[in-house]
Amino acid sequence: ETGVTQSPTHLIKTRGQQVTLRCSSQSGHNTVSWYQQALGQGPQFIFQYYREEENGRGNFPPRFSGLQFPNYSSELNVNALELDDSALYLCASSSGRGVNDSPLHFGNGTRLTVT
Amino acid sequence: GESVGLHLPTLSVQEGDNSIINCAYSNSASDYFIWYKQESGKGPQFIIDIRSNMDKRQGQRVTVLLNKTVKHLSLQIAATQPGDSAVYFCAESTGFQKLVFGTGTRLLVSP
């Protein structure tokens, strides 16, 4: 069984640029969630996609957007990057629509540095 | 590898000891709780979960206790091993879609 894979593993961008992060969900999972983890903190919920539709969103501005594809893989896009966007971005997949249905399984993340 | 947390509460134990990691949660409406383990350079790894209709749940070498009266969650690890060294997060479900994570506790296991 293939787990959650994310690409790239590391990325350096300049303030004002745009970035796209990618995630392949675990086999059999149809829900993908994205989390931002700043250094020294716990992950914070960005949004969730279920069957290609956004199914919930955390307290992040509209310049954070996403997509889920028919094969349940997903992208996170961030426009107009700010220095505070520097963080580890985690993708998690699950087999249920709600987090209570089945545990989230996380990838190893993309480390984004904005200079 | 990268550092998951620089100034986290730290629990230091000897190999073979039992470890207890505590977590206070904030929302009395939360009905689902999870413990994750995060090693340096990796994403959080699921350890064990518990629903609010239970007080205790056991897994392999791990036990989670839930006290809803004081909104407290604990993770007990039996016979702690060096491979258990990591940052441990509790998370609560306050809604349908998201988990709310705590700040984490670093567990250091000495041989």
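Naming convention: chains lettered A, B, ... in sequence-line order (proteins, then strands); numbering from 1 in each chain.
- Grouping the Ile, Leu, Val, Met, Phe, Trp and Tyr side chains by contacts below 4.5 angstrom, directly or via other members, places A/Val78 apart from A/Leu67.
- Highest contact tally toward chain A, considering only B/Pro44, B/Gly104, B/Ala91, is held by B/Pro44 [criterion: heavy-atom pairs under 4.5 Å].
- Interface residues of residues 70-83 of chain B toward chain A, defined by a heavy-atom distance below 4.5 Å: none.
- B/Tyr36 and A/Phe106 have perpendicular rings, their planes meeting at more than 60° on a 0 to 90° scale where under 30° would count as parallel.
- Note that OG of A/Ser102 and CZ of B/Phe46 are 9.5 Å apart. Values are rounded to the nearest 0.5 Å.
- For residues 47-61 of chain A, the interface with chain B (any heavy-atom pair closer than 4.5 Å) comprises A/Gln48, A/Asn55, A/Gly56, sorted by residue number.
- Each of B/Ile34 and B/Ile48 belongs to its own hydrophobic cluster when Ile, Leu, Val, Met, Phe, Trp and Tyr are linked at side-chain heavy-atom distances under 4.5 angstrom.
- Connection of B/Leu8 to A/Leu90 is established within a shared hydrophobic cluster, with ILVMFWY side chains joined at heavy-atom distances below 4.5 Å, either directly or through further cluster members.
- Among residues two or more places apart in sequence or in another chain, the side-chain contact (heavy atoms from CB on, under 4.5 Å) test is passed with B/Lys68 by B/Tyr25, B/Ser52, B/Asp55, B/Leu66.
- Heavy atoms only, all atoms of each residue included: A/Pro103 and B/Asp49 are closest at CG-OD2, 3.9 Å.
- With sequence neighbours excluded, the residues satisfying salt bridge (charged side-chain N to carboxylate O under 4.0 Å, His left out) with A/Glu82 are A/Arg63.
- Following chains of ILVMFWY side-chain contacts shorter than 4.5 Å, one can reach A/Leu112 starting from A/Leu76, so the two form part of one hydrophobic cluster.
- Note on A/Leu81 and A/Leu11: same hydrophobic cluster, where clusters join Ile, Leu, Val, Met, Phe, Trp and Tyr whose side-chain heavy atoms are under 4.5 Å apart, directly or indirectly.
- Interface residue A/Leu104: backbone and side-chain heavy atoms are both found under 4.5 Å from chain B.
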Task: Criterion side-chain contact (heavy atoms from CB on, under 4.5 Å) on B/Phe89 and A/Gln37, from CA distance to verdict - done: CA-CA 12 Å; B/Phe89 291 99; A/Gln37 186 176 25; 3.5 Å; yes

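- The two residues A/Leu88 and B/Gln38 have their closest heavy-atom pair at CD2-NE2, 4.1 Å.
- Of the possible polar contacts, one joining the A/Tyr35 side chain to the B/Leu99 backbone as a donor-acceptor pair under 3.5 Å is found.
- Annotation: A/Ile12, atom CD1; neighbour count of heavy atoms from other residues, nucleotides and ligands within 6.0 Å does not exceed 12.
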